[in-house]
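Worksheet: the structure to be examined is printed underneath.
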Amino acid sequence: MRNGYTGRRALVAAISLAAALPALAADLPDAMPDDNLNAVLWDQTSVEAQANALGAYTLGRIRLDEALADKNWTAAPIEQTGNFQDFPPAIILDVDDTILNTSPYQARNITTGSSFTADSWTQYVNAQQDKPIAGAVEFTQYAASKGVKVFYVTNRTADEEKPTVEELKRFGFPMGDNVDTFLSVKEQPDWTSAKGTRRAFIAKNYRILLMFGDNFGDFTDDYKGTVEERQKVFEANISHFGHDWIAIANPTYGSFESAPYKGDYKLPPEQQRRMKQDALTPWDGK
């Protein structure tokens, strides 16, 4: 009798729940399709993303010690000219998604159906919602302990410098003391989004040992172009990667994403997506 009563009660509950499901579903926001969903999910929640970054920064320690022992070592062969061997050592790191994880901004765009705008990005920067990339604080502190000047070359703007520096200091990233080590875009007239002029500025007084970034443009100004053109530039510089150029994985945004549609942001999103699909090499199913 007891089992029969329990079974009837469970059946009634199941029927009631089934009846309520349409109403519950109506109260939930629709999951909006977004090409960036899996990438941001990986970036924000996966242990694999953390492991990847830790591996990169662990490699950075090894390469840093090697670079300090080799006076002819430079990570900036184009910008580093003349007799640089006795210059004090320095490293260069990008900020966004190299040392600071900006996934809350990307996640908000996904959940609200919005996209990048300069105003919303500045609002996000001012809110100081970043977290350090795994291993970044410890690596930069290690570099500073070896007498290496740590430079941050970022395309955040001069208006965004104050909240960013506050955030970096709060997390424990070493700053430059009496040297301006935070070089933002347009801080000087020739400091464009291409970072070569800022690398050259540093190279005048420092021997650049390592560079870290999540975008091809953090290492070379020849980062734009088609997928094929970027591949050729990569192959011409392949000996740097894992040696004095260390990349942090970032599948959420970057110059890779716009390469299939040649950086033509005026194209409708549907056409951009179609051109990205056309750039894929699918299995033929055989």
- Message: Does the plane of the ring in Phe216 sit parallel, tilted or perpendicular to the ring in Phe241? Use 30° and 60° as the thresholds.
- Response: tilted

- Note on the structure: Minimal heavy-atom distance between Ala247 and Ala56, with the atoms involved, is O-CB, 4.1 Å

- Item | Lys276 atom NZ, over 12 foreign heavy atoms within 6.0 Å | yes

- Run through Asp97, Asp130, Asp94 and flag the one making a salt bridge (Lys or Arg N to Asp or Glu O under 4.0 Å) with Arg156. Asp130

- Query: Does any N or O in the side chain of Trp121 come within less than 3.5 Å of the main-chain N or O of Phe116, such that one atom is a donor and the other an acceptor?
  - Reply: no

- Test ring-ring contact (aromatic ring centres under 6.0 Å, His included) applied to Phe139 - qualifying residues, sequence neighbours left out: Tyr57, Phe212

- Query: Do Gln129 side-chain atoms and Tyr105 backbone N/O form a donor-acceptor pair below 3.5 Å?
  - Reply: no

- Query: Just wondering, are more than 12 heavy atoms of other shown residues or ligands nearer than 6.0 Å to CG in Asp284?
  - Reply: yes

- Message: Would you call the rings of Tyr152 and Phe173 parallel, tilted or perpendicular, taking 30° and 60° as the class edges?
- Response: perpendicular

- Message: Under a 3.5 Å distance rule, please check whether Gln80 uses its side chain to pair with a backbone N or O of Tyr206 as donor and acceptor.
- Response: yes

- Message: Quick one about Ser120 and Arg108 (side-chain donor to acceptor, distance below 3.5 Å, no hydrogens or angles considered), yes or no?
- Response: no

- Item | Residues Ser103 and Asn101: side-chain donor-acceptor under 3.5 angstrom | yes

- Tightest non-hydrogen contact, residues Asn155 and Val185, listed as O-CG1, 3.4 Å

- Inspect the contact between Arg273 and Glu270 and indicate whether a charged nitrogen and a carboxylate oxygen are less than 4.0 angstrom apart. no

- Donor-acceptor pair between Tyr253 and Asn215 side chains, under 3.5 angstrom: no

- Task: Answer yes or no: does atom CD of Gln231 have more than 12 heavy-atom neighbours from other residues, nucleotides or ligands under 6.0 Å?
- Result: yes

- Message: Is it the case that the side chain of Ser184 and the backbone of Glu187 share a donor-acceptor pair, with hydrogens and angles ignored and the cut-off at 3.5 Å?
- Response: no

